[in-house]
Number of protein chains: 2
Amino acid sequence: MIPSQMLKGTLEGCVLAILRQEERYGYEISQTLERYGFGRIPEGTVYPLLLRLEKRGSIIASFRASPEGPQRKYYALTELGQKELAEFFRNYRELTGAVDQLIEMTGGHSHAQEDEAAVGGE
Amino acid sequence: MIPSQMLKGTLEGCVLAILRQEERYGYEISQTLERYGFGRIPEGTVYPLLLRLEKRGSIIASFRASPEGPQRKYYALTELGQKELAEFFRNYRELTGAVDQLIEMTGGHSHAQEDEAAVGGE
DNA sequence: TCCGCTATCTTGTTTTGCAAGGTAGGTGTC
DNA sequence: GACACCTACCTTGCAAAACAAGATAGCGGA
């Protein structure tokens, strides 16, 4: 399980990335994140995040009926959202670049699983 | 500049990684992080983080004189700290694995700079 | 004496993930 | 009709952590 602190800042960019190609609604996004390996991201996280993005103007919403259950609120990227997504990519690369360099300099480990196997856990 | 929200949780693991091979003191760690590409990490961030780790038992401190200025507080990893470092590696890989997969599935981009160049900025 | 560098720590603010819980539509079962 | 369950949305309040700002202190030089 990815610790919640480590998701901070990253989740927002990931939601923008999910909306990059097609409109999606909150409930769907929550499930999509889980499929990508983020673990269960509860609605109490996703909806406030979406409302924040909407208020800021990064995404726009439109209600549409659902074949099962209540209306769905579909979100789409605005131009601002696309710029923010591009900036997220840059920041994410900057972060992983720094961390990967640090890991390598301080004793390797960046993407292999040598001695970790012995520690076990999870 | 990496946004501070994106550093949350990650910084702690990075400090553990820095202490992996040799003892270091706070002021030094702050400068080391900058050299690795994290940008300026102010003392108001580093010292509380170190105190937190010390209280938790992840690191132990020992004062030693400095050739210039006041005493230095050197930190070293404990066994707990080493386990936490190993867990940080796992979590970091899990996070980057999920994000990289998401980025790739939603339109590539993982580590190239194609269309972003046109957006400009920074 | 005062400034600047080294070196430590504290207080309070802000952001954000999440637990918990509430509202509501639709379908099925008793 | 009453109830349960899934879908689908939202809100309130808490906790963790980065950081701005500022305090303290040793040491050297102008």
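Keep in mind that this is a model prediction, so the values were computed, not measured.
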Spatial distance of atom CD (Glu12(A)) from atom CD (Glu84(A)) [nearest 0.5 Å] | 7.0 Å

Inter-residue atom distance Leu50(B).CG - Arg24(B).CZ, 0.5 Å rounding = 12.5 Å

Between [atom2] of [N] and [atom1] of [X], the distance in whole Å:
X	N	atom1	atom2	answer
Met6(A)	dA18(D)	CE	P	12 Å
Gln31(B)	dT8(C)	CD	P	10 Å
Phe63(A)	dC10(D)	CZ	C1'	10 Å
Arg40(B)	dA18(D)	CZ	P	15 Å
Met1(A)	dG17(C)	CE	C1'	10 Å
Leu7(B)	dA20(D)	CG	P	12 Å
Tyr47(A)	dA20(C)	OH	C1'	16 Å
Leu50(A)	dC18(C)	CG	C1'	15 Å

Measuring to OP1 and OP2 of [N], would you say a side-chain N or O of [X] lies under 4.0 angstrom away?
X	N	answer
Arg52(A)	dG17(C)	yes
Ser66(B)	dA7(C)	yes
Tyr25(A)	dA8(D)	yes

Does [X] reach a base, just sugar-phosphate, or nothing at all? Heavy atoms under 4.0 Å.
X	answer
Glu28(B)	nothing
Glu43(B)	base
Gly44(B)	base

Selected nucleotide, minimal atom distance to [X] side chain, candidates [options]:
X	options	value
Thr45(B)	dA8(D), dA18(D), dC9(C)	dA18(D)
Lys73(A)	dT6(C), dC10(D), dG17(C)	dC10(D)
Tyr75(B)	dG17(C), dA17(D), dC9(C)	dC9(C)
Lys8(B)	dC9(D), dT6(C), dT15(C)	dT15(C)
Gln5(B)	dT15(C), dA16(D), dG17(C)	dT15(C)
Tyr27(A)	dA8(D), dT11(D), dA7(C)	dA8(D)
Pro48(B)	dG17(C), dA19(C), dC19(D)	dC19(D)
Pro70(A)	dA8(D), dT8(C), dA19(C)	dA8(D)

Comparing nearest nucleotides in DNA chain D, the 5'-proximal residue of the pair Leu51(A), Gly69(A) is Gly69(A)

Just one of Phe63(A), Tyr74(A), Tyr47(A) clears the ring pair (Phe, Tyr, Trp, His ring centres under 6.0 Å) bar with Tyr25(A), so which one?
->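 For Tyr25(A), the ring pair (Phe, Tyr, Trp, His ring centres under 6.0 Å) check succeeds only for Tyr74(A).
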
Evaluate the criterion side-chain hydrogen bond (donor to acceptor under 3.5 Å, both in side chains) for residue pair Tyr92(B) and Asp100(A); output intermediate values, then yes/no.
-> CA-CA 10 Å; Tyr92(B) 175 71; Asp100(A) 288 342; 3.1 Å; yes

Is it true that a side-chain atom of Thr96(A) and a backbone atom of Arg93(A) form a donor plus acceptor pair closer than 3.5 Å?
-> yes

Ion pair check, Arg72(A) and Glu28(A), cut-off under 4.0 Å |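 Salt bridge flag = no for Glu28(A) with Arg72(A).
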
